[in-house]
Amino acid sequence: MSQPYAEVIGDPIAQSKSPVIHGFWLEQLGLEGRYNRTHVKAEGLADYLATRRADPDWRGCNVTMPHKQAVIPLLDRLDPLAARIGAVNTIVPEDGALVGYNTDAPGFLEPLQPLLAQTHYFRMARVLGTGGAARAIIAALADAGMVIVLAGRNVEKARALLAELDPKGEHHVAPLDHFADATDFAFDDRESCLDLVVNATALGMTGQPPLVFDMSHAPPGSVFYDIVTSPLETDFLKAARASGFAAVDGLSMLIGQADHAFRRFFGATPPRGEADAELRARLLA
């Protein structure tokens, strides 16, 4: 008997935690449906979408590396946010058309919403990294009224990224290694300010070199956010907590972006709140 399904595609794909998240929510809600992981290589992308387009049970897919930009020319239309970011992580069939969305941007902001709901006279985010993951994060933070200091190995690439994603914003760039060395900069009063420090690189991930960040660059009261999910408690977050800063881990963004995708795939609101603790336990098992 056929049943509705969604899936995540990428190359490689075995590491994806998305099936655990969506499977948990389907189970909690008692919904008929399933969520798979499907290995799709670059040369098979067009055939994959052509086949799925014709499948009445297919509710869409999440897109992970390296296909987030490659899928764009194969879609019928893009949601405006996905078009601006230039990356798609969610594809949904709508009235015979394949529509591309980006749920990474709202997913990234989700754990920050209680802070963003407050009034600040100044908001600044130090964002480390200029790769694909940074695109959604920069767009999301700019829309949330943050002044961004974007740090990358290539400062010109950082400048071009800011000009593309938020041309009217008054943002700044810095070399990534600027944050590795101590500073004696005296921060002014941070009352009524919101300061974020975001790792949008793969540095600190299992098998990758560490991210070197000297805590003297973080204003008092900063919130640290690392999008890396393996390990979940990176050295970057450990150092932040040890210095008394609040910290947000990569699972928060992963669950947040899945929430937005799940609603589009299955037409239901996933159980959150208290259920998040059980979901996290499963993801870490």
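Since this is a predicted model, take the numbers as computed values, not measurements.
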Open item on the list: For a 4.5 angstrom cut-off between non-hydrogen side-chain atoms, does L49 reach I91?
Closed with: yes
TODO: Using a cut-off of 6.0 Å, state whether more than 12 heavy atoms not belonging to E274 lie near its atom CD.
DONE: no
TODO: Flag yes if I13 and M205 sit in one hydrophobic cluster, no otherwise; membership is Ile, Leu, Val, Met, Phe, Trp, Tyr, and two members link when side-chain heavy atoms are under 4.5 Å apart.
DONE: no
Task: From CA spacing to verdict: side-chain hydrogen bond (donor to acceptor under 3.5 Å, both in side chains), Y48, E7 - done: CA-CA 12 Å; Y48 162 81; E7 60 199 326; 2.7 Å; yes
Open item on the list: If only side-chain N and O atoms count, and only distance matters, is there a donor-acceptor pair under 3.5 Å linking T206 with S230?
Closed with: yes
Open item on the list: Assess, by modelled atom type and distance only, whether the side chains of D249 and Y225 contain a donor and an acceptor separated by less than 3.5 Å.
Closed with: no
TODO: Anything under 30° is parallel, anything over 60° is perpendicular, the rest tilted; go ahead and classify F185 against F187.
DONE: perpendicular
Task: Qualifying residues under salt bridge (Lys or Arg N to Asp or Glu O under 4.0 Å), relative to D11, sequence neighbours excluded - done: none
- [ ] State whether a side-chain donor-acceptor pair under 3.5 Å links N62 with S18.
- [x] no
Open item on the list: Main chain of H178, side chain of H217: is a donor-acceptor contact present, judged purely on distance under 3.5 Å?
Closed with: yes
Open item on the list: Would you call the rings of Y35 and F265 parallel, tilted or perpendicular, taking 30° and 60° as the class edges?
Closed with: tilted
TODO: Report, as yes or no, whether the 6.0 Å neighbourhood of atom CD on E170 holds more than 12 heavy atoms from other residues, nucleotides or ligands.
DONE: no
Task: Donor + acceptor pair across side chains of N199, T201 (<3.5 Å) - done: yes
- [ ] Could you point out which residue of Q257, R280, E110 forms a side-chain hydrogen bond (donor to acceptor under 3.5 Å, both in side chains) with S252?
- [x] R280
TODO: Taking the side chain as every heavy atom from C-beta outward, state whether W25 and D259 have any atom pair closer than 4.5 Å.
DONE: yes
- [ ] Measure up the F245 and F224 rings against each other and bin them: parallel (under 30°), tilted (30 to 60°), perpendicular (over 60°).
- [x] tilted
Open item on the list: Within the structure provided, determine whether V88 and K68 are in side-chain contact (heavy-atom separation under 4.5 Å).
Closed with: no
Task: Pair R84-D143, salt bridge (Lys or Arg N to Asp or Glu O under 4.0 Å): steps then yes or no - done: CA-CA 12 Å; R84 179 173 149 221; D143 290 350; 2.9 Å; yes
- [ ] Drop me the distance from K157's NZ to L162's CG, to the nearest 0.5 angstrom.
- [x] 12.0 Å
